[in-house]
Amino acid sequence: MSSLNPAQSQAVKHVHTPLLVLAGAGSGKTLAITHKLAHLVRSLYYTPESIYAVTFTNKAAREMKERAGKLMGEEAVRLNVSTFHTFGLNFIRQEYKALQLKRSFTLLDEDDSMAMLREAGNLGQLDKQVLFALRHEISNWKNALLTPEQAMAIAKDKDQQLAATAYAAYERTQRACHALDFDDLILLPAACLRDNLDIREKWQDKVRYLLIDEYQDTNGAQYELMKFLAGTRAAFTVVGDDDQSIYAWRGANPENLNILQQDFPKLQVIKLEQNYRSFGRILKCANTLIANNPHLFEKSLWSQKTYGEPLRVLSCKNDEDEAERVVNEIMMRKMRFNLNWKQFAILFRGNHQARLFEKALIEKRIPYKLSGGQSFFAKAEIKDVLAYFRLLVNEDDDAAFLRIVNVPRRDIGAVTIEKLGAYAQRRHGSLLPSSLELGIESELNGRSLTAVRQFAELIRRYAEQARKGDALEAVNELLKAIGYEGWLYEQASSPKVAQSRWQNVQDLVSWLGNHINHPQDPCDFEEAVNRLLLRDMLERSAEEDRNADEVQMLTLHAAKGLEYPHVYMVGMEEELLPHHVSIEEGNIEEERRLAYVGITRAQETLVFSLCKTRKRYGELVHCEPSRFLTELPVDDLQWDDQRNQSEEQKAQVREDRLAALKALLDD
DNA sequence: GGACGTTATCTTTTT
DNA sequence: GATAACGTCC
């Protein structure tokens, strides 16, 4: 406890009334939370099982567990540390009966959910963007804990009524398939606690103390869930920073910081304002920038660290030039100061920006890691195999059934599926079991019937093996039985493409295996699949080599919560940061917070880069410097325009590069 | 039903 | 410039 400053220590010890900790960037928030966990157990004799800590990312949850473990040892594993969604999943697995669900249900990711909505609402021809807006609207209703009926009742116009109708159809289909989307993982527990006094009392008794991290990112349903868990005892601490709210576009409601004060009048507010991360000048620039935003709570970050060098701004001719210069800079700095690659991070607004930097890094043989999570799960081969997993776990998962019933080709066409679907609907059953019923025999012709039944029997056979025997073996044998590798080669334009796709499938299977046989935390097949769908495994394996010495490349969104000695924020241009869509929507404040998050990642040096021209959608466009650069104090920026370099400077740069290259060769 | 060519459309992405 | 959705042809 001696390692804490007065504000941190106050935040740790305060337990008698609800507490809001306003934790500025780099203010030792995780340190305070983990000390609080230890304090509750060691000094106040809470059992670890009765403490629930909730985060937003798997990564944050894992880090919290790890750091709590270092502080309090063995007992830390008994703490309930999880993401909101994992908490919800565990809750539903315990209370599935009250929710009228089967024990085995499946999770839909964003794409699955969209596909189900299109199917359920008969929206086949609807434009993708309109469908997206519709899905968003449904999400909003779910986040407000509204049923389709309630949504219909408050619908203001014809469009909303149509949306509510689609919501109703979507929910019916979900029920029929025992499929939950990400929203349901929050919505169902919240509604369950609201509607069942006995369950509410049971959980309020279980949850003796509640901690919530990144509270500014909570949405309406998450807030309701939190309130029901906290109950009247209201033993909780929430930690947040309104300046780092960058997920409003995704339903997060930073107003929850304000509402808290109204809902809990006894709320105590503690501010953590000392920054332990960044050199003074970097912090000053961050403060100057964010001062342009309105604030819910005033706070001012300060640092005892040295002031540091001016922040440099690399003004480049074009985007290729930008990548080359940034990579050269990194290379030279590494050699000159004998640093590690992993001390450098390149931050950008959009994933597409990574391309050129990747190219430049590969050219120079510099190791790097690109954090881009979801593209892996968007790949068709991964979605196919996941659909097989889902169907093995839950044979009522019609969405998964439809996706793979003819993949690889089994000559099961639309007509057959339609007949089967109509039959299943009449019988109020799902597709796979329906195809094995006697009644279906009169509906389908012999060939179609055989094809569908063979498929259904195949799934049942391997599902049984997965349940009773070795799940990993079952999965591998299933993939062999359906000839998936061969199918990939058949489908792909070149063997190379097929090879990489098959590699993706193998990665997926090995992640599944790692999880099932995890040394500390083994689980059954069903849970492994669910964790896979909650994206928990990719990160886990990525984290295993987090000690690898690689330059880090990530989006500004992904960078939140992380820190690096040397940060390069690239593409500091109007239309990119702030993004043109945000400019059009007048949503500059969130973009400014995004820039703020980027700046506050830097510990020692920070370099911005921008271009005069850039290729966008294949066309060369002129770029203006980001307004955020002009909002920073002029004296702290050092503009470094390539065109203004003297011959002497250019010679120096060439010499430096040569030296760096030589050093690299020696390495 | 599937392969292939043409044409609009472009964020960020914890789960 | 890449992709996905759409239309056309076999």
Side-chain angles (χ1 to χ4, degrees), chain A residues 54-63 82-89 107-113 118 124-129 131-132 139 180-187 213-214 216-219 221-222 244-252 319 347-356 371-380 406 409-417 490-491 493 530-539 554-562 571 575-585 587 590-591 593-595 597-598 614-620:
Chain A
V54 182
T55 65
F56 277 82
T57 64
N58 296 312
K59 200 175 197 168
R62 232 168 290 130
E63 189 188 335
S82 68
T83 65
F84 257 110
H85 290 87
T86 306
F87 173 85
L89 183 68
L107 286 176
L108 305 172
D109 70 13
E110 221 64 48
D111 289 338
D112 303 327
S113 150
R118 192 186 282 277
Q125 71 303 349
L126 207 66
D127 182 78
K128 201 182 139 193
Q129 268 183 51
L131 192 74
F132 190 80
S139 228
L180 308 181
D181 62 29
F182 288 144
D183 294 331
D184 293 325
L185 295 182
I186 312 299
L187 161 85
D213 193 17
E214 303 282 12
Q216 75 284 349
D217 292 336
T218 50
N219 64 30
Q222 285 161 338
Q244 293 187 68
S245 156
I246 54 174
Y247 285 103
W249 55 271
R250 208 179 176 138
D319 43 1
L347 308 183
F348 36 80
R349 176 69 229 258
N351 273 314
H352 63 278
Q353 287 173 262
R355 262 215 153 80
L356 287 171
S371 316
Q374 77 149 50
S375 53
F376 181 80
F377 287 93
K379 294 176 198 297
N406 206 26
R409 195 130 293 138
R410 294 184 184 89
D411 290 323
I412 299 170
V415 180
T416 308
I417 292 302
E490 217 173 287
Q491 286 300 107
S493 51
N530 279 334
R531 287 198 196 170
L532 200 51
L533 291 159
L534 284 172
R535 310 287 190 257
D536 196 9
M537 288 162 85
L538 238 187
E539 290 178 33
L554 57 172
T555 62
L556 289 164
H557 283 90
K560 192 167 76 156
L562 306 172
E575 312 265 290
L576 252 179
L577 182 71
H579 196 276
H580 72 98
V581 176
S582 298
I583 297 175
E584 279 152 36
E585 287 171 354
N587 190 15
E590 183 147 315
E591 297 288 312
R593 290 193 289 268
L594 208 44
V597 166
R614 176 185 293 280
K615 257 197 177 160
R616 213 166 84 189
Y617 309 139
E619 239 180 335
L620 211 62

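The figures that follow rest on heavy atoms only: side chains count, while hydrogens, waters and symmetry mates do not. Residue numbers begin at 1 in each chain, while the letters A, B, ... track the order of the sequences. In this text, all values refer to a predicted model and were calculated from it rather than measured experimentally.
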Length of the CZ-P vector between Arg614(A) and dG1(C), whole Å: 15 Å
Euclidean distance, atom CD of residue Glu584(A) to atom C1' of dT12(B) [Å, nearest integer]: 15 Å
task: Name the nucleic acid region contacted by Ser582(A), choosing base, sugar-phosphate or nothing; use a 4.0 angstrom heavy-atom cut-off, strictly under.
output: base
message: Regarding Asp109(A), tell me which of base, sugar-phosphate or nothing describes its non-hydrogen contacts under 4.0 Å with the strands shown.
response: nothing
message: For a quick check of understanding: with a heavy-atom distance under 4.0 Å over all strands, which category does Phe84(A) fall into, base, sugar-phosphate or nothing?
response: nothing
message: According to a cutoff of under 5.5 Å between the ring centres and under 30° between the ring planes, does Trp249(A) stack with the base of dT11(B)?
response: no
Anything under 3.5 Å between a protein N or O and an N or O of nucleotides 6-9 of chain B, put it in a table, one pair a line.
unit_1 : atom_1 : unit_2    : atom_2 : d
dT9(B) : O3'    : Gln129(A) : NE2    : 3.3

- request: Round to a whole Å and report the spacing from CZ of Arg349(A) to C1' of dT12(B).
  value: 4 Å
- request: Take atom NE2 of His580(A) and atom P of dT11(B), then tell me their distance rounded to the nearest Å.
  value: 7 Å
task: Taking only the side-chain heavy atoms of Glu591(A) (C-beta and beyond), determine which of dT13(B), dT11(B), dG2(B) contains the nearest atom.
output: dT11(B)
field: Arg616(A): salt bridge (charged side-chain N to carboxylate O under 4.0 Å, His left out) partners, not counting sequence neighbours
entry: Glu575(A)
- prompt: Among dT13(B), dA2(C), dG2(B), which is the nearest nucleotide to the side chain of Asn406(A)?
  reply: dG2(B)
task: Kindly state whether the pair His557(A) / dT12(B) counts as stacked, where counting means centroids closer than 5.5 Å and planes tilted less than 30° apart.
output: no
task: Write down the distance between CZ (Phe132(A)) and C1' (dA5(C)), rounded to a whole number of angstrom.
output: 17 Å
task: Determine if Tyr247(A) stacks with dT14(B); use a centre-to-centre distance below 5.5 Å and an interplanar angle below 30° as the criteria.
output: yes
Any residue meeting salt bridge (charged side-chain N to carboxylate O under 4.0 Å, His left out) with Arg410(A), in chain and number order, not counting sequence neighbours: none
task: Could you check Thr555(A) against Tyr617(A) and say which one's nearest nucleotide on DNA chain B is further toward the 5' end?
output: Tyr617(A)
field: In dT12(B), glycosidic geometry as syn within 90° of 0 or anti otherwise
entry: anti
- prompt: Taking all atoms of both residues into account, what is the closest heavy-atom pair of Glu590(A) and Ala248(A), and its distance?
  reply: OE1-CB, 2.9 Å
Side chain to side chain contact (heavy atoms under 4.5 Å, CB included) partners for Asn219(A), two or more places apart: Asn143(A), Ala221(A), Gln222(A)
query: Can you tell me how far P of dC10(B) sits from CG of Asn351(A), to the nearest Å?
result: 17 Å
statement: Asp183(A) meets the salt bridge (charged side-chain N to carboxylate O under 4.0 Å, His left out) criterion, sequence neighbours left out, with Arg135(A)
field: Test ring-ring contact (aromatic ring centres under 6.0 Å, His included) applied to Phe87(A) - qualifying residues, sequence neighbours left out
entry: Tyr52(A), Trp203(A)
- line: Of dT14(B), dA2(C), dT12(B), the nucleotide closest to the side chain of Asp217(A) is dT14(B)
- request: Would you name the heavy atoms of Leu185(A) and Leu180(A) that are closest together and state the gap between them?
  value: CD2-CD1, 4.4 Å
- request: Indicate, with a heavy-atom threshold strictly under 4.0 Å, whether Lys615(A) touches base, sugar-phosphate, or nothing.
  value: sugar-phosphate
query: Nearest-Å distance, CZ (Arg410(A)) to P (dG1(B))?
result: 16 Å
field: Step-by-step side chain to side chain contact (heavy atoms under 4.5 Å, CB included) determination, Gln216(A) to Tyr247(A)
entry: CA-CA 9 Å; Gln216(A) 75 284 349; Tyr247(A) 285 103; over 6 Å; no
message: I need the CG-P distance between Leu554(A) and dT12(B), as an integer number of Å.
response: 14 Å
